[in-house]
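Worth knowing before you read on, the calculation uses all heavy atoms, side chains too, and leaves out hydrogens, waters and symmetry mates.
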Amino acid sequence: MFVSGLLALALGVTAVSLPVPYVVESPGPTFNTLGTDNGTPVISVTGHEAFPAKGNLDLTTVYVDGGPNGPVSVFEAFSAWLNGSKAVYPEELIFPKGVTKEQSQQESAVAMTTSQENAVAAALVELGIAFEQKLQVAGVPEGSASAGKLQNNDILVSVNGKPATALSAIQAELAAGDGAPVNVVVDRGGSNVTASITPSKTSSGRFILGIMLQYKFTFPFDVKISLDQVGGPSAGMMFALGIVDTVTPGDLTGGKHIAGTGTITPDGAVGPIGGISQKMHGARSGGATLFLAPAANCDEVVGHIPAGLQVVRVETLADARHAVDVAASGTDMSGLPGCASN
């Protein structure tokens, strides 16, 4: 009986230690975009006057265990499932099958770099500061509508005579044409080239040129964002708010402790992110009392707001800036839009 008991115990320990195909998301640390990271300012500006700011505009993060980041055991998955601040997902919902840790980290780093560039652009748009913006072809998949017509490094000039400097402008022109061929003018090596392209239609009903695009910016001054060990696109909105505060006189936050999350486009649209519940818990643990959440995440926000945290839904950088202004003024914030009323 003694030996049988030891065997049962060993089998039990082995069972709960076995890896399972799940991913656990838990609250990560917060970083003040107005502060420093390892002694270096998170946001530094050269070529334009900068103004020291007080208060906090915290970006939020999520720890992700499982998948390419290392296996999760039965015990870890079950204990996370019982913890209200954590979330458990099937691995295939978070990571593509077969992706390596290095590939995941590289993708995350590229997304972070893109979000930082978009944040600078969005902040300058919000402040009315002019800059140059172009769209460059970054890839033409085989079999796409543009295959054989557009090339990598082409700079888009116009679509049907309309300036093609923003994705929203291109998408609007394609939608207006309802699938009809469009004349696309690109700058290829300093010469304009015109191509007639018939857009393809996605499963969601959108018309596309079938190309990968990246923004190329020329800003009137340099903004450097220094933050180690953080990746992904979800800090874009908070970077943009931090830049706005850094290059304008006064104190945007009024000394308040504010956190948030959300992707950002160059024209200031705030997009949804993953791990919103964990980010709210991380924000509250970090001392924030106001949290800016993308409106598109509201369904995941309701019912998961930690005590002591007010959540304001935002759709644009202008919305986020207004919410911070109201908080800084010390006036009643009950009029700000919350997810419960979405």
Here the gap from Phe131 atom CZ to Phe221 atom CZ, rounded to the nearest 0.5 Å, amounts to 10.0 Å

Under the criterion side chain to side chain contact (heavy atoms under 4.5 Å, CB included), I'd like the reasoning laid out for Ile225 against Phe239: C-alpha separation, chi angles, the key distance, then a yes or no.
CA-CA 8 Å; Ile225 297 176; Phe239 282 143; 3.5 Å; yes

Looking only at atom types and distance, does a side-chain atom of Ser115 sit under 3.5 Å from a main-chain N or O of Ala235, one as donor and one as acceptor?
no

Does any part of the side chain of Met280, heavy atoms only, come nearer than 4.5 Å to the side chain of Val311, both counted from C-beta?
yes

Side chain to side chain contact (heavy atoms under 4.5 Å, CB included) partner of Phe291, chosen from Thr261, Val301, Ile305
Thr261

Rounding to 0.5 Å, atoms CG (Leu290) and CD1 (Ile258) come to a distance of 5.0 Å

Which residues pass the side chain to side chain contact (heavy atoms under 4.5 Å, CB included) test with Ser204, sequence neighbours left out?
Thr202, Arg206

Taking the side chain as everything from C-beta on, heavy atoms only, tell me whether Gln136 gets closer than 4.5 Å to Ile155.
yes

Show your working on side chain to side chain contact (heavy atoms under 4.5 Å, CB included) between Tyr215 and Leu135 and close with a plain yes or no.
CA-CA 5 Å; Tyr215 281 103; Leu135 278 171; 3.5 Å; yes

Does atom OH of Tyr63 have more than 12 heavy-atom neighbours, drawn from other residues, nucleotides or ligands, at distances under 6.0 Å?
no

Determine whether the side chains of Thr40 and Asn38 contain a donor N or O and an acceptor N or O closer than 3.5 Å.
no

Quick one: do Asn118 and Phe217 satisfy side chain to side chain contact (heavy atoms under 4.5 Å, CB included)? Show the steps, please.
CA-CA 9 Å; Asn118 288 354; Phe217 302 108; 3.9 Å; yes

Any donor-acceptor pair under 3.5 Å linking the side-chain atoms of Glu300 with those of Asn297?
yes

Using atom types as modelled and distance alone, determine if a side-chain donor or acceptor of Ser44 lies under 3.5 Å from a backbone N or O of Pro41.
no

Close side-chain approach of Met238 and Asp58, heavy atoms under 4.5 Å
no

Tell me whether the count of non-hydrogen atoms from other residues, nucleotides or ligands lying under 6.0 Å of NE2 in His322 goes above 12.
no

Side chain proximity check, Gln151 to Val137, heavy atoms < 4.5 angstrom:
no

Please examine the side chains of Asn152 and Val140, heavy atoms only from C-beta on, and report whether any two atoms are closer than 4.5 Å.
yes

Quick check: do Pro90 and Tyr22 have side-chain heavy atoms less than 4.5 Å from each other?
yes

In Asn32, Thr33, Leu241, the residue satisfying side chain to side chain contact (heavy atoms under 4.5 Å, CB included) with Leu59 is Thr33

Whether over 12 other heavy atoms sit under 6.0 Å from Gln171 CD:
yes

Counting neighbours of CD on Gln214 that are heavy atoms of other residues, nucleotides or ligands and sit closer than 6.0 Å, is the number greater than 12?
yes

In Å and rounded to the nearest 0.5 Å, what is the CD1 to CG distance from Ile43 to Asp245?
8.5 Å

Is it the case that the side chain of Ser146 and the backbone of Leu209 share a donor-acceptor pair, with hydrogens and angles ignored and the cut-off at 3.5 Å?
yes

Side-chain heavy atoms of Val324 within contact of Val244, under 4.5 Å
no

Do the side chain of Thr253 and the main chain of Lys54 share a donor and acceptor less than 3.5 angstrom apart?
yes

